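So the structure is just underneath, and the comments pick up after that.
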Amino acid sequence: MPEIPEMEVYKRQLSQTIMHKKIVEVIVNREKAINIPTAEFKELVNEQLIVFVSRRGKHIIITLGNGYYLVGHLMLGGRIYLAQPGEKLKTSGSVIFTFRDESKLFFINLRLGWLHLYTETEMDRAFAGLGPEPLGPFFTEELLSTKLAQKRGAIKPLLTDQEFIAGIGNCYSDEILFEAKIKPDRKAKELNSDEVKRLFFAIPSVLKEAINNGGYMEKPFSLGDNWTGGHNEHLQVYDREGQPCYRCSGLVQLITLSGKKSYYCPSCQK
DNA sequence: AGGGCAACCCGGACGC
DNA sequence: TGCGTCCGGGTTGCCC
């Protein structure tokens, strides 16, 4: 379930590999994944140049030469793969773009995930409800503190609320709370200023470390890529139920909060 | 407001 | 090896 670090790793690799390439073929194997009729989608995407690659929350954004935007959300299990010219893949892919140099960009396993073609207005509308980018300049301690004070619920589910902060999901919310030494069921508005400060610093610090390590994905982005997925063995609490905490040797516990799995160390998170 | 829940979807895990 | 069953995960929408 890609979150900011995984999408950022994709974004950086896409920026280095597909920029200024021209799309010469579009294959849509899964029509449900796109937002307009396939013929229209192909008409608007084929023959276009890739002019920019960016990210908003968990969305990847590919800007085309004609001013349209390909906006993708991988949801669960979705992934992106860049195949070298002539490289054969076992999976068919939900949507595939072939470039003039015969490399191919695969969007794979878009089951709940999607790849939409938007005008700028449509994209703005799609992103209108998203909270601040936690790695962006507008995410300040004061903003976080103010927003926390307005919320009655527990901090863990709040961190995964895309309207509260964009791009954090189930895994990194647990990792962030571990780093900040805050228990996931603590009420957001009851965090003291020291805890808010720790949370504020833990958010970018955990996300940036995960990005540097390549995120926690299982599959590479392309042949020879040994960056993607490097964070897997660095996770502190996520999916480590019953295993010793790396910080204090307490046992990592799993609880459910608002229907969300929440891993934490009961002895060093307060 | 926020918690609960169903729907979406199917790969992968598990049972036999 | 195979076939059936079930679960998970982010998001949306609807209910209370």
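All chains are named by letter (A, B, ...) in the order of the sequence lines, taking the proteins before the strands, and each is independently numbered beginning at 1. Note that the structure is a prediction, hence the values are computed from the model and not measured.
The distance between atom NE2 of A:His59 and atom C1' of C:dG10, rounded to the nearest whole Å, is 10 Å. Whole-Å rounding puts the A:Ile4 CD1 to C:dG10 P distance at 14 Å. Summarising the geometry, the separation between CG on A:Leu148 and C1' on B:dA1 is reported as 15 Å, rounded to the nearest angstrom. A:Lys151 has its NZ atom 4 Å from the P atom of B:dG2, to the nearest Å. The CG-C1' distance, from A:Leu74 to B:dG11, rounds to 15 Å in whole Å. Rounded to an integer number of Å, the gap from A:Met75 CE to C:dG8 C1' is 12 Å. Summarising the geometry, the separation between NZ on A:Lys189 and P on B:dA1 is reported as 12 Å, rounded to the nearest angstrom. Here B:dG2 presents its P atom at 7 Å from CG of A:Leu158, a figure rounded to the nearest Å.
Cation-pi geometry between A:Lys147 and A:Phe164 is met: under 6.0 angstrom from the ring centre, within 45 degrees of the axis.
Between A:His73 and C:dT11 there is a side-chain N or O to OP1 or OP2 distance below 4.0 Å. Distances shorter than 4.0 Å separate some side-chain N or O of A:Lys58 from OP1 or OP2 on C:dT11. Neither OP1 nor OP2 of C:dG10 sits under 4.0 Å from any side-chain N or O of A:Gln162.
Side-chain contact, A:Tyr263 with A:Gln253: no donor N or O sits under 3.5 Å from an acceptor N or O. Side-chain contact check for A:Lys156 and A:Ser262: no donor-acceptor pair (N or O, by modelled atom type) lies under 3.5 Å. Side-chain atoms of A:Ser222 and A:Gln84 form no donor-acceptor pair, as typed in the model, at a separation below 3.5 Å.
Distance from the side chain of A:Lys261 is smallest to C:dG8 among B:dG11, C:dG8, B:dA1.
Residue-level contact check: A:Gly153 touches the backbone only, with heavy atoms under 4.0 Å from sugar-phosphate atoms and none from bases. Within the 4.0 angstrom heavy-atom criterion, only backbone atoms of the sugar-phosphate kind lie near A:Arg30; the bases stay farther away.
Heavy-atom nearest nucleotides on DNA chain B were determined for A:Lys187 and for A:Lys219, and the one closer to the 5' end corresponds to A:Lys187.
Contact annotation: the side chain of A:Leu89 approaches that of A:Ile108 to within less than 4.5 Å [non-hydrogen atoms, C-beta and beyond].
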